Amino acid sequence: MNDESLMVRICEGDHQAFSILVERHSQMFFAAAYRVCGNPVEAEDIVQDAFLKLWTKPQGYDASKGVKFTTWFYRVVTNVGIDAARKKKPQSSPDVIDFMADKADLADENLSKNQEQAALERAIQALPERQKLALNLCFYEGLTNKEAADVIGVGVKALESLLMRAKKSLKEKFEDDAGGVTYG
Amino acid sequence: MDDKDLNQMLEARFVPEAPSNMAARIVEASRHVEQHRPVEGLRRWVRGFMDGLVFPQPEMALGALGVFLLIGLSIGVFGESYLILPDATMDDLSLAFEADYTFDAGDFL
């Protein structure tokens with residue numbers, strides 16, 4: 001049964017249909033939420049809140065408008081993630097750097113790789129909200145430019161501009177780091 | 001740094017696995033949350049009300065009643081006063097209601 005059919009049954013109160021949808025997509029949206037907030041504990045909260053919103057008001061999704069369920073739910077997860085980031089107290093949950101340190105191998109090579117990953121994550125999380133979203137949706141979630149633009153609520157040209165600026169910011173940040181200037 | 005290097009770095013971005021019981025916890029949490037279906041509740045109430053009315057096609061009957069009520073109100077408020085007679089005729093009528101007191105007791109004895 002496809003996602004749209006499951007949503008019809010969820011609108012009728014079918015909890016089994018909701019379970020199937022959660023099992024099918026929770027990992028994917030956890031990854032999406034993680035890319036929004038950079039923190040695995042927060043990502044789990046975001047995904048749970050988003051799925052509970054879906055269960056509470058499934059009528060928010062209208063398949064007749066021709067929008068795929070996953071595209072629509074990306075918007076829900078993104079909005080929940082943005083709201084959570086705005087309410088977030090500084091350092092209230094384990095940071096991604098601490099999380100990666102837990103997994104770090106003491107070997108130099110892996111330590112260096114983890115540091116690089118931590119630096120990348122910091123750089124991405126430091127991007128302006130919409131640039132970060134554009135990058136996440138187009139580069140990682142596999143959405144088309146049109147779908148990503150719909151999720152963010154901008155036009156396609158604006159989305160392409162956001163993507164370009166995000167990549168430019170990241171390049172500048174890493175070039176400066178390579179030149180000895182550090183950030184964060 | 002060129003695009004290729006940046007893309008390689010972005011592709012290698014680390015994303016942790018979700019906890020294995022996350023989906024089960026979400027499903028369990030949703031069991032304690034009620035769905036919000038206000039329109040559906042209203043529709044169900046209206047359907048129940050209509051089913052409770054014993055005359056056939058209650059929607060048609062109520063609809064017709066409403067229409068005629070509106071027509072009646074419209075005529076009453078905005079229509080001309082067809083039932084009110086002109087003044088001259090009112091005077092003639094009032095004469096008909098006045099008693100004739102010219103008789104005396106002898107007329108009855």
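Basis for what follows: all heavy atoms, side chains included, without hydrogens, waters or symmetry-related copies. Letters A, B, ... are given to chains in the order of the sequence lines, protein chains preceding strands, and every chain is numbered from 1. As the structure is a prediction and not an experimental result, all values here were calculated from the model.
Of the listed residues (A/Lys167, A/Glu23, A/His25, A/Arg35), the greatest number of heavy-atom pairs within a distance under 4.5 Å of chain B belongs to A/Arg35.
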What's the verdict on side-chain contact (heavy atoms from CB on, under 4.5 Å) for A/Phe30 and B/Met22, showing C-alpha distance, side-chain angles and the deciding distance?
-> CA-CA 9 Å; A/Phe30 171 85; B/Met22 184 183 71; 3.8 Å; yes

Take B/Arg13 and A/Ile124 through the side-chain contact (heavy atoms from CB on, under 4.5 Å) test and state the conclusion after the steps.
-> CA-CA 10 Å; B/Arg13 185 180 179 189; A/Ile124 293 174; 3.7 Å; yes

Could you walk me through whether B/Asn7 and A/Phe139 pass the side-chain contact (heavy atoms from CB on, under 4.5 Å) test, one step at a time?
-> CA-CA 9 Å; B/Asn7 285 348; A/Phe139 199 89; 3.6 Å; yes

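Listed in order of number, the residues of residues 65-73 of chain B that approach chain A to under 4.5 Å between heavy atoms amount to none. Contacts between residues 152-162 of chain A and chain B, counted as heavy-atom pairs separated by less than 4.5 Å, involve no residue at all. Contacts between residues 60-68 of chain A and chain B, counted as heavy-atom pairs separated by less than 4.5 Å, involve no residue at all.
Separating the NE2 atom in B/His32 from the CH2 atom in A/Trp55 is a distance of 12.5 Å, to the nearest 0.5 Å. The structure places CZ of B/Arg25 at 10.5 Å from OG of A/Ser26, a figure rounded to the nearest 0.5 Å. Here CD1 of B/Ile26 is found 7.5 Å from CD of A/Glu44. Values are rounded to the nearest 0.5 Å. If you take OG on B/Ser30 and CZ on A/Phe51, they are separated by 10.5 Å, rounding to the nearest 0.5 Å. From A/Lys171, atom NZ reaches atom CE of B/Met9 across 12.0 Å, with rounding to the nearest 0.5 Å.
Contact detail for B/Ala29 and A/Leu52: the closest heavy-atom pair is C-CD2, 4.0 Å. Smallest separation of non-hydrogen atoms from A/Gly13 and B/Gln35: CA-OE1, 3.1 Å. Of all heavy-atom pairs between B/Leu10 and A/Tyr140, the closest is O-OH, 2.5 Å.
Only the side chain of A/Asn136 comes within less than 4.5 Å of a heavy atom of chain B; its backbone N, CA, C and O stay farther away. Neither the backbone nor the side chain of A/Leu21 comes within contact range of chain B; no heavy atom of the residue lies under 4.5 Å from a heavy atom of that chain. Contacts of B/Asp5 with chain A are absent, with no heavy-atom separation under 4.5 Å from either backbone or side chain.
A/Val22 and A/Val8 are members of different hydrophobic clusters when ILVMFWY side chains are connected at heavy-atom separations under 4.5 Å. Note on A/Leu143: it does not cluster hydrophobically with A/Met164, by side-chain heavy-atom contacts below 4.5 Å among ILVMFWY residues.
The shortest side-chain heavy-atom distance between B/Glu17 and A/Gln27 falls under the 4.5 Å cut-off. Side-chain contact between B/Pro16 and A/Tyr34 is present, with at least one heavy-atom pair separated by less than 4.5 Å.
Partners of B/Glu34 under the side chain to side chain contact (heavy atoms under 4.5 Å, CB included) rule, at least two apart in sequence or in another chain, do not exist in this structure.
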